[in-house]
Amino acid sequence: MTAENSPPLPLRERKKLRTRQTLIDTALDLFGTHGFDGVTLDALCDAAEVSKRTFFRYFDSKEDVAMAPAQDVWAAFLDVLETCPADGRQLLAVFEEALAEAVGRMPDDGWAGRLLASRHLAARTPSTDAHCHAFCDRTTRSALAVVERRFALPGPGGRLHARLALDVLVVLFHRALDAWVAQPTGHTPEDLVRRLHAVAAELPTALATTAGPSA
């Protein structure tokens, strides 16, 4: 079900989403102005007009709220995996389409701008790298559990092959995201999906590339 035809959320859920969104917007604004290390959690909560207790209902850390726009895509990816058809396609193709659909499910409320701000922040904040790697590993493990439950993985190497395909998907997404961030304009979800498909299309050539001697 897409965002366009989803039934309206109950009031309580809408309030929770607004609070979460306020925390993300406030955090990215403050981090962009003062730097990640220049903003304490107390200052963030004061600016968002929430208690630290409320903050920790939504996020585990400052890194968590800073990376939320990208993390939301991967949460949606796991949801898509739960329902996408097991129709005999190559696993990587299934993953690529599921991730494209996940990007398409992102809300049309400035999410792309927040993702851009988050990636700019990550580029100048090395301390977020460990958080990103840990999140990717957790997400990959969760996705692998879904795949093992829903899809037949033939042969003794099936689990390894699925894990490798998921790892490749993460790399493809990050290369697409790098290109998307670097472009001067056109930072839309649709263009991020286009970048993803374009990078994925280069994979067979990349894998076939040989290492001959330099001229």
Side-chain angles (χ1 to χ4, degrees), residues 2-3 16-32 35-37 39 44 48 55-56 58-82 84 92 95-144 146 165-183 185-200:
T2 64
K16 288 171 64 177
L17 284 175
R18 283 198 296 269
T19 299
R20 184 178 186 274
Q21 201 56 65
T22 296
L23 282 167
I24 296 171
D25 288 337
T26 302
L28 290 174
D29 182 59
L30 290 175
F31 296 155
F36 183 80
D37 294 327
V39 180
L44 169 56
F55 175 89
F56 285 116
Y58 297 90
F59 302 103
D60 293 332
S61 63
K62 288 199 308 176
E63 289 84 359
D64 206 28
V65 69
M67 299 297 105
Q71 292 181 8
D72 287 348
V73 172
W74 289 103
F77 169 73
L78 293 177
D79 287 341
V80 175
L81 271 188
E82 289 285 2
C84 65
L92 186 56
F95 296 157
E96 180 187 341
E97 289 302 322
L99 186 55
E101 182 176 336
V103 173
R105 290 188 181 189
M106 292 300 98
D108 185 21
D109 63 351
W111 170 82
R114 288 190 289 273
L115 178 63
L116 186 62
S118 177
R119 298 316 301 163
H120 283 315
L121 175 68
R124 61 179 185 269
T125 312
S127 63
T128 62
D129 283 347
H131 179 83
C132 290
H133 287 307
F135 175 79
C136 284
D137 184 65
R138 290 196 307 272
T139 302
T140 301
R141 291 176 185 275
S142 296
L144 185 58
V146 175
L166 286 166
D167 288 341
V168 169
L169 179 73
V170 172
V171 172
L172 294 177
F173 179 71
H174 281 288
R175 297 295 74 78
L177 194 55
D178 287 345
W180 183 80
V181 170
Q183 63 191 36
T185 59
H187 298 101
T188 65
E190 293 79 11
D191 201 60
L192 179 55
V193 170
R194 182 185 66 81
R195 291 280 187 181
L196 174 64
H197 291 322
V199 171

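Worth saying up front: this structure is predicted, and the values here are computed from it rather than measured.
To the nearest 0.5 Å, atoms CG (L44) and CG (L23) are separated by 6.0 Å. Interatomic distance, OG of S118 versus CE of M67, reported as 3.5 Å (0.5 Å rounding). In this structure, CG in L28 is found 10.5 Å from CG in L116, a value given to the nearest 0.5 Å. Once rounded to the nearest 0.5 Å, the distance linking CZ of F36 with CG of L30 reads 12.0 Å. Rounding to the nearest 0.5 Å gives a distance of 11.0 Å between CZ of R124 and CZ of F31. Taking CZ of F56 as the start and CG of D64 as the end, the distance is 10.0 Å to the nearest 0.5 Å.
Taking the side chain as every heavy atom from C-beta outward, R114 and M106 never approach each other to under 4.5 Å. Using a 4.5 Å heavy-atom threshold, the side chains of H174 and C136 count as touching. Proximity of L81 to F95: side-chain heavy atoms (C-beta onward) are separated by under 4.5 Å at one or more points. Under the 4.5 Å side-chain criterion, counting only non-hydrogen atoms from C-beta, L192 is in contact with F173. Considering only heavy atoms from C-beta on, V199 stays 4.5 Å or farther from V171 through its side chain. A 4.5 Å side-chain heavy-atom check between I24 and F59 finds at least one atom pair inside the cut-off. Annotation: side chain of V103 is not in contact with side chain of L196 (no heavy-atom distance under 4.5 Å). At least one side-chain heavy atom of R20 sits less than 4.5 Å from a side-chain heavy atom of D72.
No donor-acceptor pair under 3.5 Å is formed between the side chain of K62 and the backbone N or O of D37. For T128 (side chain) and T125 (main-chain N/O), a donor-acceptor pair under 3.5 Å exists by modelled atom type. H187 places no side-chain N or O within 3.5 Å of a backbone atom of A112 that could act as its donor or acceptor partner. Side-chain atoms of R195 do not come within 3.5 Å of backbone N or O of D178 as any donor-acceptor pair. Side chain of D137 to backbone of H133: no donor-acceptor contact under 3.5 angstrom is found. Listed for the Q71 side chain is no donor-acceptor partner under 3.5 Å among the backbone atoms of W74. A distance-only check finds no donor-acceptor pair linking the side chain of W180 to the backbone of P189 [under 3.5 Å].
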Audit row: E97, H197, side chain to side chain contact (heavy atoms under 4.5 Å, CB included) steps and yes/no: CA-CA 9 Å; E97 289 302 322; H197 291 322; 3.5 Å; yes
Trace of the salt bridge (Lys or Arg N to Asp or Glu O under 4.0 Å) decision for D109 with R18: CA-CA 11 Å; D109 63 351; R18 283 198 296 269; over 6 Å; no
V146/E82 under side chain to side chain contact (heavy atoms under 4.5 Å, CB included): CA gap, chis, key distance, verdict: CA-CA 7 Å; V146 175; E82 289 285 2; 3.5 Å; yes
Step-by-step side chain to side chain contact (heavy atoms under 4.5 Å, CB included) determination, L115 to L177: CA-CA 10 Å; L115 178 63; L177 194 55; 3.8 Å; yes
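For V80 against A102, the heavy-atom pair with the smallest separation is CG2-N, 4.3 Å. Closest of all the heavy-atom pairs between P69 and W111 is O-NE1, 3.0 Å.
Ion pairing of E190 with R194 is absent here, as no side-chain N (NZ or NE/NH1/NH2) approaches a carboxylate O to less than 4.0 Å.
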